[in-house]
Amino acid sequence: MTTEVLVVGAGPAGLLLACELALAGVRTRVVDKRAQAHRESRALNLHPRSIELMDMRGLAGRFLAAGRTVPGWQFTASLKRPLDFTALDTRHPYALLLAQSRTEALLAERARELGVPVHRGCEAVSLRQGAGGAEADVEGPGGRATVRAAYVAGCDGGHSFVRQAAGIGFPGTPESVTAIVGDFAVADHADNERARRHGVLVARLEAGLTRFVVMDPARIRVPSTEPVTLEEFRTSLRQVCGTDCGIGRPRWLSRFGNTTRLAETYRRGRILLAGDAAHVHFPVGAQGLNTGLQDAMNLGWKLAATLRGRAPAGLLDTYHDERHRTGRELTGLTRAQTLLVELPLTAAYGASAGLLCELLDTLIGLPDVNRHLAGRLSALDTAYPPAAPGAHPLTGRRMPDIPLTAPGGSTTTRFYEYLHDGRFVLLQLGGGAPADDTPGVRVVQATPGEAHPSLAAVTEVLVRPDGHVAWATRTTALRSLRTERAHALARWAPGNGAA
Ligand SMILES: Cc1cc2nc3c(=O)[nH]c(=O)nc-3n(C[C@H](O)[C@H](O)[C@H](O)COP(=O)(O)OP(=O)(O)OC[C@H]3O[C@@H](n4cnc5c(N)ncnc54)[C@H](O)[C@@H]3O)c2cc1C
């Protein structure tokens, strides 16, 4: 098989990107240096926007069946009140507790179904690019081989080889604080609540395992490179909450820190970066894996359109423009969140930092504050700046999953069902003359099954394959509508002229 895109890294970002490319018919190959998928819990949850992404591809059911939903998530462990996701405008107003290993297994299953080869035990060890493509030397069980591709996507984690080989800088701030994490067999959960009250993150996983994350003031300056022992874990738990919570044999122990970095660019020529290869931060608020999934969704269709000659000029560069901006906001937010965790553990601020946290707990109880922070953490509020001034306010925002009624009132569907095959959707709500369906754009004529404030008086919406609105209008006059629509299609999906 000739490879059009080589994805380096079979973590969540690499697997989803490969699936998105395969869905668009791009010949994709994934390599990962690990011989086996890992079994660590690591990222523990999918936030509402990530569940929506899975819903857009018809996969939400699989993910929801594999995990457990909770009504919100902590902004930081130092605050007593979690953010309430039930207040969010989504069909999935909850966080889904699912160990990263399960998330990866589900994405790998999807990749298999789409026929993507995932080569494990294969490490990219050198990388070159030229005008016509890129090539990587990959060392695997059968020796060293050169893989040529039109593009290489570096989804190879925080220490990304691809990023370094492409000479892309990774500026940011070094580690100053660390925490310890462990997955344990626990027979008796009587002390869990007590641990939580003392700021320990406790989460029950599948197979009888429980995850603990502890920040012991006496140990938060220990560098993340120093291994964690079971004895240290027990001592720190006792130190922080007066009990070792009955932890038994650990499945996984690790120490992680707050190194915060953002790649200076997400694209250099034929090399692209996604996930932790592009951004790392303290995993406060559980945003890392989720952001990587959103990177992959943003990049997949743009790269596919570029390879198929259907991309308007500069489309691939909008990947950097949109996602780097999101990465900057993310790393800024997590730095602020980390400070809120660190201050109460720091002798000089302990008492006053406690008062600050009390104040913030009160503020989070206010619906508007909760709505703002939950909107950011869940990524439901991620919006890309509209290219044109005067664009409809929905432009760049996520399209809500509204119920729809087909003409004649016979069948009721919901919008995300039309995104399953990863094409643009032109949704005609005004009942005007239908546009033609074409390979890259699906045309849907329907009326909203319920009023949605952001769609008031909207007659047509063009929605990107990643579920963000490319164009929306309230125009009703047929001739103007046709002109506007043709302009939008030419701007986003030329060659698919459904005008
Ligand atoms: C303790 C902890 C808790 C966390 N909790 C959360 C959470 O609750 N929510 C959340 O969203 N995030 C969380 N995160 C962050 C999350 O784990 C990462 O953001 C996520 O794993 C990044 O996914 P990725 O696909 O970008 O990279 P990775 O998962 O790091 O995958 C990269 C892959 O690339 C492979 N690779 C590396 N180099 C090469 C090479 N040269 N050739 C071939 N393959 C290579 C690796 O083997 C690996 O499989 C947590 C992290 C930690 C440490």
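For reference, positions follow the sequence shown, starting with 1. Numbering of ligands and ligand atoms starts at 1, following listing order.
- Within ligand 1, counting atoms from 1 as listed, the ones closer than 4.0 Å to a heavy atom of A13 are 25 (O), 26 (O).
- In the candidate list P12, G11, A95, G157, P12 is nearest to atom 23 (O) of ligand 1, counting heavy atoms.
- Using modelled atom types, one finds a donor on one side chain and an acceptor on the other under 3.5 Å when comparing R323 with Y384.
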**Item:** Worked check of salt bridge (charged side-chain N to carboxylate O under 4.0 Å, His left out) between R91 and D401
**Value:** CA-CA 7 Å; R91 207 173 279 277; D401 186 21; 2.8 Å; yes

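- The part of P283 lying near ligand 1 is the side chain, judged by heavy-atom distances below 4.0 Å.
- Atom 17 (O) of ligand 1 has as its closest protein heavy atom Q100 OE1, 2.8 Å.
- Near A286, with a cut-off below 4.0 Å to any heavy atom, the atoms of ligand 1 are 7 (C), 8 (O), 9 (N), 10 (C), 11 (O).
- No part of H159 comes within 4.0 Å of ligand 1, judged by heavy-atom distances.
- Counting protein heavy atoms only, atom 8 (O) of ligand 1 is closest to L44 N, 2.9 Å.
- Each of the atoms 1 (C) of ligand 1 lies under 4.0 Å from some heavy atom of F256.
- For W301 and F424, the gap between ring centers is short of 6.0 Å.
- Between H320 and Y266, the ring planes are perpendicular. Angles over 60° get that label, and only those under 30° would be called parallel.
- A side-chain donor from one of S176 and N258 sits under 3.5 Å from a side-chain acceptor of the other.
- In terms of protein heavy-atom proximity, atom 33 (C) of ligand 1 is closest to D32 OD2, 3.5 Å.
- Within ligand 1, counting atoms from 1 as listed, the ones closer than 4.0 Å to a heavy atom of F161 are 41 (N).
- Within the structure, the closest approach of C122 to ligand 1 falls below 4.0 Å when heavy atoms are considered.
- Residue contacts with ligand 1 for N290 involve both N, CA, C or O and side-chain atoms from C-beta outward (heavy atoms, distance under 4.0 Å).
- Two rings, from F85 and H47, have their centers less than 6.0 Å apart.
- Shown in contact with N45 at under 4.0 Å from a heavy atom are these atoms of ligand 1, numbered in order with element: 8 (O), 9 (N).
- For ligand 1 and G288, the ligand atoms under 4.0 Å from any heavy atom of the residue are 10 (C), 11 (O), 12 (N), 19 (O).
- Taking 4.0 Å as the cut-off, S254 does not count as a neighbour of ligand 1 on heavy-atom distance.
- Here the heavy atom of the protein found nearest to atom 42 (N) of ligand 1 is A124 N, 3.0 Å.
- The single protein non-hydrogen atom nearest to atom 26 (O) of ligand 1 is D276 N, 2.8 Å, given as residue, atom name and distance.
- Counting the atoms of ligand 1 from 1 in the order shown, those under 4.0 Å from a heavy atom of G275 are 26 (O).
- Within a 6.0 Å sphere centred on NE2 of H189, heavy atoms belonging to other residues, nucleotides or ligands number more than 12.
- No side-chain donor from either of S101 and E40 sits under 3.5 Å from a side-chain acceptor of the other.
- A cation-pi arrangement is present between R163 and F170 under the rule of less than 6.0 angstrom and at most 45 degrees off the ring axis.
- Residues H92 and Y94 place their aromatic rings such that the two centres sit under 6.0 Å apart.
- In terms of protein heavy-atom proximity, atom 12 (N) of ligand 1 is closest to L289 N, 3.1 Å.
- Residues W73 and G285 come closest through the heavy atom pair CD1-O, 3.8 Å.
- Nearest-residue assignment for atom 7 (C) of ligand 1 (options A10, A43, G9, A99; heavy-atom criterion): A43.
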**Item:** Step-by-step side-chain contact (heavy atoms from CB on, under 4.5 Å) determination, Q100 to L289
**Value:** CA-CA 8 Å; Q100 182 164 338; L289 178 151; 3.7 Å; yes

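- For atom 44 (N) of ligand 1, the nearest protein heavy atom (residue, atom name, distance) is K33 N, 3.0 Å.
- Side-chain contact check for Y151 and E4: no donor-acceptor pair (N or O, by modelled atom type) lies under 3.5 Å.
- Nearest to atom 37 (C) of ligand 1 among the protein's heavy atoms is D156 O, 3.3 Å.
- Heavy atoms of C155 found under 4.0 angstrom from ligand 1 belong exclusively to the backbone.
- In this structure the side chain of V138 never reaches within 4.5 angstrom of the side chain of E123, judged on heavy atoms.
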